[in-house]
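Index from 1, following the sequence.
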Amino acid sequence: MNSRYQTEQEELDKAVRQAGKIALSFFKSDLKSWEKNPGDPVSEADIAIDSFLKQHLLNTHPDYGWLSEETADDPARLNKSRVWIIDPIDGTRSFIAGKPEFTVCAALVEDGKPVCAAVFNPVTDEFFEATLGQGAFLNGEKLSCSDNQSLENTRLLASRKAFEWHNWLEETPGADFEHLNSIAYRIVLVASQQYDASLSLSAKSDWDIAAADLILSEAGGLSTTTKGQHLVYNQKVPLHETVISSGQALHPELMNVLGDFVPRK
């Protein structure tokens, strides 16, 4: 790697790998968990990983901003060019249930765009990473998205809730839909050509998608809203009402299908 972000990427990779070990130490244990809000679980593992990553990454770069699902938002981040964006465990519900459908996600965002990223499923030992302009990799192997142009015979991912709310998705001709709760995991599986697209039809926060977005982009893919809007990070309200992720070739067809979609409030 020869990149202006090489140092940060190496630091990020090391920290996320260690965070994965912390996650494994809690996985399928007598885990303490509770709800932050109705239907929004958090566990002691989320808190432990958040604390570790914050200490490790901000001690190295105290001038960078910080945005994490498990840290109270500090608006000082809005005045920072570079911001760490973290989801200690994306897929907490699956983690609590002992299902290997979760990831540790971390990205460095510069002026609203991810420039370094790592998404790690420590149970399956899948380590996805990307640096801006340097490609995306899974356990050292370079990634590229599917070049499918049509929904026929495609494999699509969504959350279980998407199917509860929008069962019309299953009627899309020729498409095979599967469920997976971690949106970051869904997006990086698209980047690794295991699936053709990920559809998230409800609002997602920066920490859910920033790292996976860069990995997909560096693998030749694209994430936008159902309206075709590109995702910009570290805004005052770090939220995106929908997230559609696929290879570049399939994206226009997805926009044709979903362009009139109205998000559930």
Side-chain angles (χ1 to χ4, degrees), residues 3 90 103 105 107 109 112-119 121 126-159 162-163 166 168-204 206 208-233 240-263:
S3 165
D90 183 54
T103 51
C105 306
V109 166
K113 293 181 60 177
V115 295
C116 298
V119 173
N121 183 330
E126 294 170 293
F127 193 92
F128 300 84
E129 60 184 312
T131 310
L132 184 65
Q134 301 295 312
F137 299 85
L138 167 57
N139 296 342
E141 296 294 322
K142 193 164 185 178
L143 301 178
S144 63
C145 292
S146 164
D147 59 2
N148 284 348
Q149 298 181 29
S150 167
L151 284 171
E152 187 175 353
N153 299 320
T154 53
R155 299 183 68 201
L156 310 180
L157 280 169
S159 70
F163 289 96
H166 313 289
W168 53 269
L169 281 173
E170 294 179 319
E171 299 172 5
T172 304
D176 177 26
F177 284 92
E178 295 185 34
H179 309 285
L180 197 62
N181 282 332
S182 165
I183 182 174
Y185 197 26
R186 297 201 303 265
I187 293 172
V188 296
L189 290 177
V190 173
S192 60
Q193 219 172 121
Q194 296 178 59
Y195 292 86
D196 295 289
S198 166
L199 313 180
S200 180
L201 303 175
S202 59
K204 296 297 175 185
D206 278 11
D208 296 314
I209 56 176
D213 184 8
L214 179 63
I215 292 166
L216 180 72
S217 175
E218 287 294 316
L222 177 65
S223 286
T224 70
T225 69
T226 52
K227 297 176 182 176
Q229 299 162 324
H230 291 273
L231 309 178
V232 180
Y233 298 93
H240 312 268
E241 66 176 15
T242 53
V243 182
I244 307 303
S245 307
S246 72
Q248 295 270 0
L250 185 61
H251 201 266
E253 182 63 18
L254 287 169
M255 290 298 98
N256 287 338
V257 173
L258 296 167
D260 295 330
F261 173 75
V262 177

Close side-chain approach of Ile209 to Tyr233, heavy-atom, < 4.5 Å: yes

Candidate pair His240 and Gln229, rule side chain to side chain contact (heavy atoms under 4.5 Å, CB included), full reasoning: CA-CA 10 Å; His240 312 268; Gln229 299 162 324; over 6 Å; no

Nearest heavy atoms of Leu250 and Leu151, plus distance in Å: CD1-N, 3.9 Å

Heavy-atom side-chain contact between Leu199 and Leu254 under 4.5 Å: yes

Euclidean distance, Leu222 CG relative to His251 NE2, rounded to 0.5 Å: 4.0 Å

Minimum-distance pair of heavy atoms, taken over all atoms of Gly140 and Phe137: O-CD2, 3.7 Å

Ala136 versus Ala219, closest heavy-atom pair with distance: CB-N, 4.0 Å

Side chain to side chain, Ser150 and Glu253, heavy atoms closer than 4.5 Å: no

Min side-chain heavy-atom separation Glu126-Thr103 under 4.5 Å: no

Test item: Gln149 side-chain N/O and Ala249 main-chain N/O as donor-acceptor pair under 3.5 Å: no

Heavy-atom closest contact (Ala212 atom, Ala184 atom, distance): CB-O, 3.7 Å

Least distance between heavy atoms, Val190 atom then Ala197 atom: CG2-C, 3.5 Å

Backbone of Gln134 reached by a side-chain donor or acceptor of Thr131 within 3.5 Å: no

Check: Leu143 and Val188 side chains under 4.5 Å, non-hydrogen atoms: no

Nearest-0.5 Å distance, CG of residue Asn148 to OH of residue Tyr195: 14.5 Å

Asp90 side, atom CG; Asn181 side, atom CG - distance, nearest 0.5 Å: 9.5 Å

Reported OG-to-CG distance for the pair Ser182 and Leu189, which is rounded to 0.5 angstrom: 8.5 Å

Residue pairs involving residues 147-158 (criterion salt bridge (Lys or Arg N to Asp or Glu O under 4.0 Å); sequence neighbours excluded): Arg155-Glu178

Gap between atom OH of Tyr185 and atom CG of Asn121 - 0.5 Å precision: 4.5 Å

Thr242 and its side chain to side chain donor-acceptor pair (under 3.5 Å) partner, picked from Thr226, Thr225, Thr224: Thr226

Considering all heavy atoms, the nearest Arg186-Leu180 contact: NH1-O, 2.7 Å

Between OG on residue Ser223 and CG on residue Leu214, distance to nearest 0.5 Å: 10.5 Å

Heavy-atom side-chain contact between Asp213 and Ile187 under 4.5 Å: no

